[in-house]
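First comes the structure, then the notes that go with it.
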Amino acid sequence: MERILEKIDSPRDLKDLPFEELPRLAGEIREFLLDTVYTTGGHLGSNMGVVELTLALHRVFDFSRDRLLFDVSHQCYTHKLLTGRRESFHTLRQKGGISGFTNRFESPYDEFTVGHAGTAISTALGLAEGDLKAGRKRKIVALVGDAALGCGVAFEALNHGGVLGRNVLVILNDNKWSISKTVGALSAYLNHIRTSPLYQGAKKELRRLVSSLPLVGKKVDEAGEQFLKVLKSTIVPGSFFEDLGLGYFGPVDGHDLGVLVNTLERVKDFEGVVLLHVLTEKGRGAEGAEEQDDRFHGVSPRKVETGSSERTVIVPGAPPPAKGKSWTKAFTGTMIDLFQEDERVVAVTAAMPKGTGLDQVARFFPDRVHDTGIAEQHAVAFSSGMAAAGLRPVAAIYSTFLQRAYDMVFQETLLQKLPVVFAMDRAGVVGEDGATHNGLFDIAFLRTLPEIVLLGPRDETEMRMMFRWALEEHHPAAIRYPRGNCPWPERGGARPPIQLGKAELLREGRDAALFAYGSMVYPALDAADLLAEEGIEAEVWNARFAKPLDVEVLEGLAGRFPLLVTVEEHALAGGFGSAVLEALNAQGGRETRVVRLGVRDRFLEHGKRELVLREQGLDPEGIAVSLKAALGRKRRAGTKDPAGRV
């Protein structure tokens, strides 16, 4: 039998399909997603849960004219399949392939390139306001998860939308999960609604009941809606949204195509901001999803032998390669040890207990690990409050997401000189998640602020040393570490203790100096080994700190070497190398040439981390080639120049 999905090349094909064939198409899409994501890796659970909802949206609306905005957008895979990207879907998250998120440069059906939560309602309201001014008639739909609805910016948008009065349909995709279980009072409120009658029906029944009461019923019309509103707020769910000035409908079954299409047809022309509450199951159709603590939120491919050919399949919880544990697991072990040593140590995360590794810490110390939901601003301010009360908080927030809390870092933490330690996972190139998730700007946006101390460990041993030091000191500190695995075996011999602003000598040399930070220390050591094979002796230093820098060591290097090369897994603009240049310039009188190696001024697209680093010249071979070129040595055939070209 011919597969229906193979005949769907655009949303128009979906509209021409007989309605009774939609359930079969939904099944084919789930099979397709399983086959593809098993190969490429990606966000499986969230996409398996919105298949019917996405089909219904494209059936009712015309998104070649109307606009569909995804919050976070990692649940856009069915949308991509329906909008002409089925043939290229096997390239999902691969270098040169399609993005795992909506991407406005990839398709006219993607309004925004987005990978951070909470913003879809705001941008939808902006589109609606622009359409009103332009006299343009189209529908604006924002698909928002229940966890994303807990973001402060989402509440700000609902607050504004209730009085702005623009026509926007907000679809609340309620599956009770973000990456982990959704937390907070809003989650509890939504759970109350889930177990209650259909809201619109309950509201009508309440009106009928009140009108039938002796004496009271006759006075309802005279007293207006006030009595009804007070009574409704106590026994009818959903009234919270109406009190904000929104229309509320639901909850409805997010896997019943008939109900979904019928409901969307009914609400699409309503005036103002309307919230449609849809109940879905994260991971629906993925075998074993119910037993997974993240419902297969994100899965990684793994190669196995299958007969004569090799293909990639998902093995949830598979052990990492034998080259060292992941940085995240190293952080988990570090935190467990520090929690045991000091009862003042607590940890905070913003909806990422599993991603940061704090879920395992919480197993042993459930009362000392706090998940604030997708609310980075609150997480930082909350941490600052605990620090002011004498606790020693570690705020574990991905580098890319700490950007969302910049003002709180400045005002609630640094201005108060409070000893919050920021654990910045995924600092640097993240790989397949691409431009929205790369943590390439934290050094630049943090080092301009007074009081902050910036550290970057080179391996697991140094990570443990740095966190222990940071929690013993009384400085606000940020420790950045990358995605991937810790270097193994570790190099460098005996470790000098961590001292504020002091670097570590790892290898002596005579021709040039490599001054590397964090994740780039081992590639710099490997580059020095390659250079030594060609008779070039490069001295290698582990900077340890990006702020404050070891100015004494830098002055010495500038006096001894004609060339100093800085290496960082960070944007060059304003980063570690820029800090070194500023420090040397302040000393004056030095003729040493400084070459900065890092990420050039661009947003890096998705692709395997190792490949992206290589293209930026941040692998050992690239570092060696850049240093040789700066010294004026002839490069070998087939190697890259400082710009990363062969």
Side-chain angles (χ1 to χ4, degrees), residues 14 19-20 22-23 25-27 29-30 45-61 63 66 68-71 75 78-79 82 120-121 124 139-150 154 158 161 167-177 182 186-207 232 235-242 244 246-285 295:
L14 177 67
F19 183 84
E20 57 271 18
L22 290 182
L25 175 60
I29 288 174
R30 283 196 169 88
S46 53
N47 283 286
M48 296 291 279
V50 297
V51 174
E52 289 88 359
L53 178 55
T54 308
L55 286 172
L57 284 166
H58 277 280
R59 181 82 173 193
V60 173
F61 296 92
F63 291 118
D66 301 328
L68 174 59
L69 284 70
F70 288 86
D71 210 301
Q75 75 278 46
T78 299
H79 166 75
L82 300 176
I121 304 174
K139 311 296 182 183
I140 309 295
V141 181
L143 177 57
V144 181
D146 57 304
L149 194 66
L158 290 175
N167 297 343
V168 170
L169 175 60
V170 177
I171 308 291
L172 173 56
N173 173 32
D174 181 5
N175 62 21
K176 300 184 285 186
W177 293 77
T182 306
L186 179 62
S187 174
Y189 179 72
L190 293 178
N191 187 60
H192 171 57
I193 297 177
R194 292 182 201 108
T195 59
S196 301
L198 183 68
Y199 175 51
Q200 290 300 310
K203 187 165 64 173
K204 292 177 182 178
E205 182 64 21
L206 178 62
R207 181 181 292 276
K232 182 184 70 176
I235 63 176
V236 178
S239 58
F240 166 76
F241 298 107
E242 285 204 342
L244 290 176
L246 315 176
Y248 174 87
F249 294 86
V252 299
D253 185 348
H255 301 294
D256 187 322
L257 278 160
V259 169
L260 285 170
V261 170
N262 181 58
T263 305
L264 289 170
E265 289 285 4
R266 288 172 50 211
V267 304
K268 69 176 183 178
D269 293 322
F270 280 22
E271 296 292 318
V273 179
V274 173
L275 189 144
L276 174 60
H277 189 175
V278 178
L279 304 182
T280 62
E281 298 174 17
K282 185 173 183 178
R284 184 182 179 91
R295 298 292 174 101

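The shown structure was predicted, so the numbers you read here are calculated from the model rather than taken from an experiment.
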Do side-chain atoms of [X] reach the backbone of [Y] as a donor and acceptor pair under 3.5 angstrom?
X	Y	result
N167	G272	yes
D66	K139	yes
H255	E281	yes

[atom1]-[atom2] distance between [X] and [Y], expressed to the nearest 0.5 angstrom:
X	Y	atom1	atom2	answer
I29	L82	CD1	CG	5.0 Å
L264	F61	CG	CZ	5.5 Å
I171	L68	CD1	CG	9.0 Å
L143	L172	CG	CG	9.0 Å
L53	T78	CG	OG1	9.5 Å
L275	L158	CG	CG	7.0 Å

Between [X] and [Y], what is the shortest heavy-atom contact and its length?
X	Y	result
L279	P251	CG-CB, 3.7 Å
Q75	V50	O-CG2, 3.5 Å
V261	F19	CG2-CE1, 3.9 Å
G49	T280	O-CB, 3.4 Å
A56	L257	N-CD2, 4.3 Å

Query raised in the report: Does the pair V252 and L276 meet the rule for a side chain to side chain contact (heavy atoms under 4.5 Å, CB included), with working shown?
Result: CA-CA 8 Å; V252 299; L276 174 60; 4.3 Å; yes
Within-4.5 Å side-chain heavy-atom neighbours: [X] and [Y]:
X	Y	result
L169	V267	yes
T263	E265	no
L260	L57	no
V274	V170	no

Query - Those residues that, when tested against D256, pass side chain to side chain contact (heavy atoms under 4.5 Å, CB included) (two or more places apart) - result: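 Here the qualifying residues are D253, V259.
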Report task. Could you tell me which residues satisfy side chain to side chain contact (heavy atoms under 4.5 Å, CB included) with A120, sequence neighbours excluded, listed by chain and number? Result ->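 By the side chain to side chain contact (heavy atoms under 4.5 Å, CB included) rule, A120 matches L69, D71, A142, V144.
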Query raised in the report: For the ring pair F70 and H79, is the centre-to-centre distance below 6.0 Å?
Result: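 Yes, close enough.
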Query - Chi angles and distances behind the side chain to side chain contact (heavy atoms under 4.5 Å, CB included) call for H277, Y248 - result: CA-CA 8 Å; H277 189 175; Y248 174 87; 2.7 Å; yes
Query - Pairs where residues 46-59 contributes a residue and the test salt bridge (charged side-chain N to carboxylate O under 4.0 Å, His left out) is met, not counting sequence neighbours - result: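 Salt bridge (charged side-chain N to carboxylate O under 4.0 Å, His left out) check on residues 46-59 returns R30-E52.
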Query raised in the report: side chain to side chain contact (heavy atoms under 4.5 Å, CB included) between L25 and L14: does it pass, once the steps are laid out?
Result: CA-CA 10 Å; L25 175 60; L14 177 67; 3.6 Å; yes
